[in-house]
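These notes concern the structure reproduced below.
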Amino acid sequence: MVYLDHNASVPMTAAVIDAMTAAAWQGGNPSSVHDYGRRVRARIETARKEVAAMVGAAASQVVFTSGATEANAMALRACGRGHVLVSATEHVSVLDAHSGSIRIPVEADGVVLPSAVRAALTAEDVDAGDAVVSVMLANNETGVIQPVAEIAAVVRELGALMHCDAVQAPGRVPVDMAALGVDMMTVSAHKIGGPAGIGALILRDASLLRPDTKGGGQEKGLRGGTENVTGIAGFGAAAKSTRDVDGVDAIARRRDRIEARVKQEVPDAVVFGANVARLANTSCIAIPGIGAETQVMALDLAGYAVSAGSACSSGKVKTSHVLLAMGVDDDLARCAIRISLGPDTGDDDVDGFVAAWTDLIHRLRRSAA
Ligand code: PMP
């Protein structure tokens with residue numbers, strides 16, 4: 001099986017599994033004051049430094065959570081702002097974090113314009129001084145990269161808070177929280193080769209949040225509960241590996257090769273976000289007339305793991321809200337699949353995938369004719 005679904009989850013590396021295994025053998029509670037506890041605590045603090053370094057932040061800014069979903073919800077709820085504005089192509093964990101959130105529209109290429117954010121924050125019924133804005137760094141379905149620094153400048157100027165879901169970015173594009181000028185940033189371990197079930201919210205200042213549960217006061221009182229030590233150890237090891245972005249150009253060449261060959265064989269194929277800045281590893285392509293589910297299942301049988309345009313949470317394939325927000329016709333959006341490459345995806349994998357896919361498309365179209 002060739003795995004081309006790295007935006008859903010990146011396989012763990014040996015270094016990550018080793019770090020988790022060592023933490024698991026050690027056991028213990030990091031809040032214990034004895035030597036045993038102190039050694040567990042040290043493991044957590046080493047990982048915290050690695051996660052902070054991954055986004056150019058200080059260790060003291062990192063709050064570990066159970067993943068990006070919790071971090072996104074925490075950011076948008078516990079900041080206590082009355083108006084929550086989110087871009088229309090955010091991950092569902094941002095869209096649904098706050099029941100009354102306002103959607104900021106995106107352009108046809110998937111980009112959120114700073115002017116659209118300004119318009120949303122200065123709308124008559126919005127108090128920018130009591131608002132929080134959430135715009136992701138890179139979209140999980142299309143790979144489209146948002147002008148987060150420019151947007152954050154507008155948000156700051158108008159007195160609102162800025163949150164950024166940067167889950168898909170580390171190891172793929174440089175991430176520097178201070179340079180981006182955001183107040184809160186979400187990251188997740190399993191998107192960078194760490195384990196699922198651990199993530200972090202990184203805060204410019206811990207006083208930005210007022211959580212409604214404190215528990216045992218862990219994570220600066222912002223996220224109580226005994227820390228997930230093995231998960232955190234794996235997250236730290238994975239974060240360390242994101243410093244090595246040497247392979248990104250080779251990944252981009254392979255992604256471009258897939259797109260060029262598919263366009264050559266299937267001229268009416270549509271590549272979304274092709275003309276704007278995108279993650280090097282991600283391609284979202286629609287084949288008109290062939291449903292995403294049919295493509296994903298047939299490719300699975302052929303030995304290739306890809307996903308439907310929308311990351312499906314419970315195995316169900318829904319029409320992508322991301323593509324619909326970009327103004328893509330519903331029928332076309334239903335025919336989009338996402339291919340996301342990883343550092344170990346080779347030329348042979350790419351060539352085999354394109355051959356299997358185009359063969360399948362020709363076959364299905366012939367039988368429908
Ligand atoms: N945000 C984005 C952009 C994502 O791609 C995902 C995972 N699909 C999440 C948030 C949720 O991450 P987690 O699984 O860590 O809750």
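These figures come from a predicted structure and were not determined experimentally. We count ligands from 1, going down the list as the structure has it; atoms in each ligand are counted the same way.
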Against heavy atoms of [X], which atoms of ligand 1 measure under 4.0 Å?
X	result
Met136	3 (C)
Gln168	5 (O)
His190	13 (P), 14 (O), 15 (O)
Gly67	15 (O)

How does [X] reach ligand 1, by side chain, by backbone, by both or by neither, if only non-hydrogen atoms under 4.0 Å count?
X	answer
Glu70	neither
Thr69	both
Ala68	both

**Prompt:** How far does CZ of Arg77 sit from CG of Asn72, to the nearest 0.5 angstrom?
**Reply:** 10.5 Å
**Prompt:** Is it the case that Arg38 places NZ or CZ above or below the six-membered ring of Tyr36, under 6.0 angstrom from the centre and within 45 degrees of the axis?
**Reply:** no
Basic-acidic side-chain contact under 4.0 Å: [X], [Y]:
X	Y	result
Glu227	Arg48	no
Asp249	Arg253	no
Asp256	Arg261	no
Glu259	Lys263	no

**Request:** Return a yes/no value for Ser93: is any of its N or O atoms, backbone included, closer than 3.5 angstrom to an N or O of ligand 1?
**Result:** no
**Request:** Could you tell me whether Asn7 and ligand 1 have an N or O pair separated by under 3.5 Å?
**Result:** no
**Request:** Could you pull out all residues at least two apart from Arg156 that satisfy salt bridge (Lys or Arg N to Asp or Glu O under 4.0 Å)?
**Result:** none
**Heavy-atom proximity to atom 1 (N) of ligand 1, best of Val167, Val94, Ile198, Asp165** = Asp165
**Request:** Sequence neighbours left out, what passes ring pair (Phe, Tyr, Trp, His ring centres under 6.0 Å) with His6? Give chain and number order.
**Result:** Tyr3
Sub-4.0 Å heavy-atom contact, [X] with ligand 1:
X	result
Gly199	no
Glu90	no
Lys191	yes

**Residue pair Glu265 / Trp357, side-chain donor-acceptor N/O under 3.5 Å** = no
